[in-house]
Amino acid sequence: MPELPEVETVTQSVKKHLMGKQFRSLDVNWQKTLHNFTISDFDSSIKNKVIKNVYRRAKYILLDLGEVLMGIHLRMTGKLYVVDSIDRSKKHISLYLAFGDKYLVFEDTRKFGRFYMFDGIDYLNSKLGIEPLTKDFSKNWILENTKKRNRQIKSLLLDQSFVCGIGNIYADEALWYARIHPLSISSQISGKKILKLHEGIVKVLSESIKKGGTTIRDYTYDFAYVGNYALNLNVFGKQGENCPRCEGLIFKTKVAQRGTHYCPKCQVKIS
DNA sequence: AGGGGGGCCTGTTCGC
DNA sequence: TGCGAACAGGCCCCCC
C-alpha cells in the first residue's frame, strides 16, 4: 500500500530515467487505467513532449510536460518502473509507455491505479491538503486545524484534503506514537498530544523515506520490495502481540472501514 | 459536517 | 481436503 514515503521513493526512482525524455507511444491493456483521457489525447498532448520535471504531490506522481501534467496514482497495488523490454509473462501490466530505448511500465494487480491528465497543478491543489513534510505543516497549523474539526482523529488523518500522504499504516503508527486512541475526537485531544502527533507524523514518514532509500538500492527494476519491507512497525498488523511500550495487548478493530491497530492500555480514549 | 456503506479489483486467508 | 466467502484497502460517490 504505497503511502507518501513509497510514492516519494518511486518518484525519485523513475525521475532519473525520465528527465528530458519524450514518450513515443502508449499501449493500454486495461482501459480504465486512463481516468480522464484517451489514446488520442495522449497523441496530441503528451507524445513527443519533453518531460521537464518529475515530482510528487500527495500520493500522485506527476510528470511535467510543459503544457500538461500527467498524473499517476498507484492506489493499492500499482507498481511503476523502468525496463529495457516488456516482460510478456507478467499478468497485470495495465499499460506501458515507450521512451528512448526503454519503457515505463505500470503493473497493477488489483487495477485500482489510475493515470490522469491535468492542465496544471491547480486542480490537485484545490483537492489536496497540506504536505506533511513541508514547513507549512507547523505545530501551530495542526493545533489550529485539529481544534476546529470534530472528527475521529484517524478518519481525519486519512482525509487527503486535510493532510495528504498518510495512509492506513502510517495513521496507526503515528497515533500509537502520540498515545492517542484512533476514535478520539480531534477537537478534544490535548494540545500536548497533538504536538506529539505532529512529531509522530513527521517521524514515521521521514524515517520511512530514509529507510526506503537506504535499504533498497534501486526500485526501478525491483519495485516489488517497496512496502512494509523497510518499515519498523509498532502496531500495524501486530494484533495479539504485546505493545512495544507498555506490555498491553494490541487490538484490532475497524475505524472508517479500515483495519485499525492500537494499544488500549496506552492509547486511551479521553485525552 | 461527519459517518456509513458500496463499488472498484484480485490474490490470499479463513471457515465450514 | 476443497470450496466458496470474507478480507485487504485508497479513493470516490451517494445517502442519512
Side-chain angles (χ1 to χ4, degrees), chain A residues 1-11 28-37 56-62 71-80 89-95 106-116 118 123-129 131-132 144-175 181-189 201 204-205 208 223-229 231 233 235-240 250-262 269:
Chain A
M1 299 137 264
E3 302 185 28
L4 186 154
E6 291 78 23
V7 178
E8 177 64 26
T9 308
V10 173
T11 302
V28 182
N29 295 324
W30 184 258
Q31 295 300 326
K32 287 184 179 177
T33 309
L34 301 187
H35 184 261
N36 64 344
F37 67 100
R56 179 192 61 77
R57 172 78 170 97
K59 297 177 197 167
Y60 291 85
I61 298 160
L62 296 166
I72 302 155
H73 199 302
L74 307 174
R75 288 291 221 284
M76 299 295 303
T77 53
K79 298 175 178 67
L80 188 73
S89 71
K90 298 234 182 246
K91 268 177 77 180
H92 303 295
I93 293 177
S94 291
L95 64 76
F106 185 63
E107 194 181 338
D108 187 18
T109 311
R110 293 191 204 167
K111 299 184 167 72
F112 287 1
R114 294 291 181 265
F115 276 57
Y116 304 84
F118 302 116
Y123 173 74
L124 280 181
N125 280 342
S126 74
K127 309 262 291 179
L128 295 167
E131 284 285 338
E144 284 171 21
N145 286 279
T146 49
K147 192 117 289 182
K148 61 184 170 193
R149 309 296 292 273
N150 293 298
R151 289 188 61 183
Q152 298 171 347
I153 189 67
K154 174 151 180 185
S155 303
L156 193 56
L157 291 182
L158 292 174
D159 184 342
Q160 302 298 302
S161 70
F162 183 68
V163 181
C164 62
I166 301 173
N168 204 35
I169 297 173
Y170 295 98
D172 282 4
E173 293 296 319
L175 289 170
H181 190 288
L183 286 174
S184 299
I185 302 302
S186 58
S187 59
Q188 299 171 4
I189 302 169
I201 291 167
V204 296
L205 295 178
S208 181
F223 177 22
Y225 293 108
V226 178
N228 306 347
Y229 182 85
L231 308 180
L233 298 174
V235 280
F236 192 89
K238 307 284 187 183
Q239 59 271 26
I250 292 168
F251 189 67
K252 182 176 181 184
T253 183
K254 274 208 161 180
V255 175
Q257 290 25 305
R258 314 282 167 72
T260 296
H261 314 73
Y262 69 102
K269 201 161 181 178

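Per chain, numbering begins at 1; letters A, B, ... match sequence-line order. Computed from a prediction, not measured in an experiment: that's the story for all the values here.
Side chains of A:V255 and A:L158 form no contact here, defined as non-hydrogen atoms less than 4.5 Å apart. Residues A:R75 and A:K111 have side chains not in contact (no heavy-atom distance under 4.5 Å, counting atoms from C-beta outward). Contact check for A:P132 versus A:L4: side-chain heavy atoms found under the 4.5 Å cut-off. Using a 4.5 Å heavy-atom threshold, the side chains of A:H92 and A:D108 count as separate.
One finds a side-chain N or O of A:K254 lying less than 4.0 angstrom from the OP1 or OP2 phosphate oxygen of C:dA8. Between A:Q160 and the phosphate of C:dC11, there is a side-chain N or O to OP1/OP2 separation shorter than 4.0 Å. Proximity of A:R258 to the phosphate of C:dG10: a side-chain N or O atom is located under 4.0 Å from OP1 or OP2. Contact check, A:K59 against C:dG10: no side-chain N or O comes under 4.0 Å of OP1 or OP2. At the phosphate of B:dG2, OP1 or OP2 sits under 4.0 Å from a side-chain N or O atom of A:R149.
In this structure, of B:dC8, B:dG11, C:dC11, it is B:dC8 that holds the atom nearest to the side chain of A:K32. With B:dC9, B:dG3, C:dC11 as the choices, the nucleotide that has an atom nearest any side-chain atom of A:R151 turns out to be B:dG3. Checking B:dG2, B:dG11, C:dG10 against the side-chain heavy atoms of A:N150 singles out B:dG2 as nearest. Residue A:N168 has its side chain nearest to C:dG9 when only B:dG11, B:dC9, C:dG9 are considered. In the set B:dC9, B:dG5, C:dC11, B:dG5 carries the atom at the smallest distance from any side-chain atom of A:Q257.
Regarding A:I169, its CD1 atom lies at a distance of 13 Å from the P atom of C:dA8, rounded to whole Å. A straight line from CG of A:N36 to C1' of C:dC12 spans 14 Å, rounded to a whole angstrom. Summarising the geometry, the separation between CG on A:L157 and P on C:dG10 is reported as 13 Å, rounded to the nearest angstrom. Going from atom CD of A:Q239 over to atom P of B:dC14 covers 10 Å, rounded to whole Å. A:D108 has its CG atom 16 Å from the P atom of C:dG9, to the nearest Å. Remark: P of C:dC13 and CZ of A:R114 are 12 Å apart, rounded to the nearest angstrom. Per the geometry, CG belonging to A:N145 stands 12 Å off P belonging to B:dG2, to the nearest Å. Protein atom NE2 of A:H92 is 13 Å distant from nucleotide atom P of B:dC9, rounded to whole Å.
A:N168 pairs in a side chain to side chain donor-acceptor pair (under 3.5 Å) with only one of the listed residues (A:E3, A:K154, A:R258), which is A:K154.
B:dC8 has A:F112 stacked on its base ring, the centres lying under 5.5 angstrom apart and the planes within 30 degrees of parallel.
Classification of A:K59 and A:E6 as a salt-bridged pair fails, no side-chain N sitting under 4.0 Å from a carboxylate O.
Note on A:K252: only backbone sugar-phosphate atoms sit closer than 4.0 angstrom, heavy atoms only; bases stay farther off. Nucleic acid contact class of A:K91 (heavy atoms, under 4.0 Å, all strands): sugar-phosphate only.
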